[in-house]
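Data block below; observations after.
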Amino acid sequence: MLTFVSTTVLSATLFASLGRSLPTNTASSTPSGSYSLIADWSGANFFDNFAAFTGADPTNGNVRFVSMEEAASKGYTGFVHYSATNTSNAYIGVDYTSKSANRESVRLTSKQNFDAGVVIISDVVHAPSAYGSWPALWLLGDESATGIWPGNGGEYDYFESVHTTDYNSMTMHTQPGCSVDNTTTAFQGRLQNADCNTGKGGDGCSIRALNQDKSSSSTLATAGAAFNKQGGGVYANVWTTQGVATYLFDRKNLPADIVAGKPNPSSWTSTPLARFSGTGCDYTSSLSTLVHVIDHTFCGDWAGKVWQSSGAAAATNTATCAEYVQNNPSAFKDAYFEIASIKIYGASGISPGRSTYAKRDVAPAPIAYPTIDLRTRDAECPDMPNATVTSTAASSSGMVHHHAHGLNHTHLHGHHNHTANSTMIRTRLIESSMFSFLA
Ligand SMILES: *[C@@H]1O[C@H](CO)[C@@H](O)[C@H](O)[C@H]1NC(C)=O
Ligand SMILES: *[C@@H]1O[C@H](CO)[C@@H](O)[C@H](O)[C@H]1NC(C)=O
Ligand SMILES: *[C@@H]1O[C@H](CO)[C@@H](O)[C@H](O)[C@H]1NC(C)=O
Ligand SMILES: *[C@@H]1O[C@H](CO)[C@@H](O)[C@H](O)[C@H]1NC(C)=O
Ligand SMILES: *[C@@H]1O[C@H](CO)[C@@H](O)[C@H](O)[C@H]1NC(C)=O
Ligand SMILES: *[C@@H]1O[C@H](CO)[C@@H](O)[C@H](O)[C@H]1NC(C)=O
């Protein structure tokens, strides 16, 4: 997520009044051994850990970010319930019924902030994949940090894609003076830029990981329709003062230490999709005091800018991204996140801080989140076989384990044939410099 947040330099007094407390980080630079749970965003309390950002999209998307109350009342947020396991996943969708120049969506920011010495494990069952969409799961410097983005704590995007692309672009945006190593054996993806301040931070250093970039360790799709068809995956991010790495695991084949709720990354045998490391960067100053953001915008500084070059204009036969997003609400029915859990584990001595967003939570009353029945919705699709919910819980303490529902998500893209041109689009995206517009 390219984030051009207008940043104010805050005085210490204002800083304090915003209620931000810093995370505690007394860990050694390379924590060894296991981590323990310090934040658990799952189940019925999932949304209580977030506040809504309702300002204009800093990335200039054709979107209106609504409040927590409005999102729940309109069914943009809710829970997908699995009776077999009596578990609920968070649903984060958008308006898929109205024609609107600024499609309604949500941008959730965590009420806690974090520093190096954490493992963030996100069990993502489904993610938006649609022309015009620009969804992301990412970490961003807390608002009260001094300086101008990306010098105010930096940014790390661990899951991000646009349109129907089938790869995840993991990206670090930092202050000048942070350059990462391109050690091809250290990660599976392909490094686009080594300088994390490329394009004044707008491009950053980015690693694209397609499933076909795999070494031998993963056959998982990293994003897009294939990611959804396989039931998503479990993204695990290891952030130390030596850098940050992102792994993708099959939910049904997780490392035993993750299943046990005691992740020990040094025991993981697979190669991460991305690893940002090396002596060319001071990670302590480049990434600090980050909040976790979940958002889904449309068009704007990335998806909008590559509308032509990505092939989306040709595939949709629509001249502009804005026009497509405005006039095709049903194309966004399947453009939702379904998240089983986000769990954050800290090394010894690590605890979360309280983010500026904690003070923003001004909901007058408890919010009633609707139950989202994906089966009913699927039945509205004539080309969709009757879906069934097939939870195969292999429950143990720690991670939520249910198998993704047996929905055929590739059939769920409204009534459009989104697979028609994906190969060509991917090829063109790789060949074009997606970020050159910012240079
Ligand atoms: C399902 O879980 C909820 C809360 O987690 C609990 O209140 C309820 O009793 C459970 N229902 C069953 C049938 O176990
Ligand atoms: C990193 O190395 C790979 C493999 O040699 C290469 O394809 C890629 O262009 C390199 N990236 C950068 C930024 O140099
Ligand atoms: C796919 O998109 C390209 C433009 O990117 C277009 O030239 C081509 O005709 C399209 N192919 C199909 C099968 O729609
Ligand atoms: C789908 O479910 C409906 C209602 O349960 C049933 O009438 C219909 O025959 C089913 N369709 C298929 C293809 O199984
Ligand atoms: C999902 O689609 C595949 C073909 O892509 C088909 O073989 C399978 O039976 C479908 N599953 C369901 C539950 O409809
Ligand atoms: C989708 O488009 C592809 C490529 O144009 C075509 O082969 C396929 O039959 C289409 N599928 C449907 C359901 O229209």
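One-based numbering, in listed order, for ligands and for the atoms of each.
Of all protein heavy atoms, the one lying nearest to atom 5 (O) of ligand 2 is T184 CG2, 4.0 Å. Distance from atom 9 (O) of ligand 1 to its nearest protein heavy atom, with residue and atom name: N86 ND2, 4.7 Å. In terms of protein heavy-atom proximity, atom 12 (C) of ligand 2 is closest to N182 ND2, 3.4 Å.
Here the closest non-hydrogen pair linking H292 and I120 is CD2-CG2, 4.4 Å.
In summary, of the residues considered (Y235, Y158, W41), a side-chain hydrogen bond (donor to acceptor under 3.5 Å, both in side chains) with S122 occurs for Y158 alone.
Distances between N or O atoms of L191 and those of ligand 2 include at least one value under 3.5 Å. Distances between N or O atoms of R190 and those of ligand 2 include no value under 3.5 Å.
When distances from atom 7 (O) of ligand 1 to the protein are checked, no heavy atom turns up under 4.0 Å.
Salt bridge absent: K74 and D95 never bring a charged side-chain N and a carboxylate O closer than 4.0 Å.
Cation-pi geometry between R275 and F187 is not satisfied (NZ or CZ under 6.0 Å from the ring centre, within 45° of the ring normal).
Residue Q192 approaches ligand 2 through these ligand atoms, each under 4.0 Å from one of its heavy atoms: 13 (C).
With hydrogens and angles left out, the side-chain atoms of S341 and D123 include no donor and acceptor closer than 3.5 Å.
Here F79 and F47 bring their ring centres to under 6.0 angstrom of each other.
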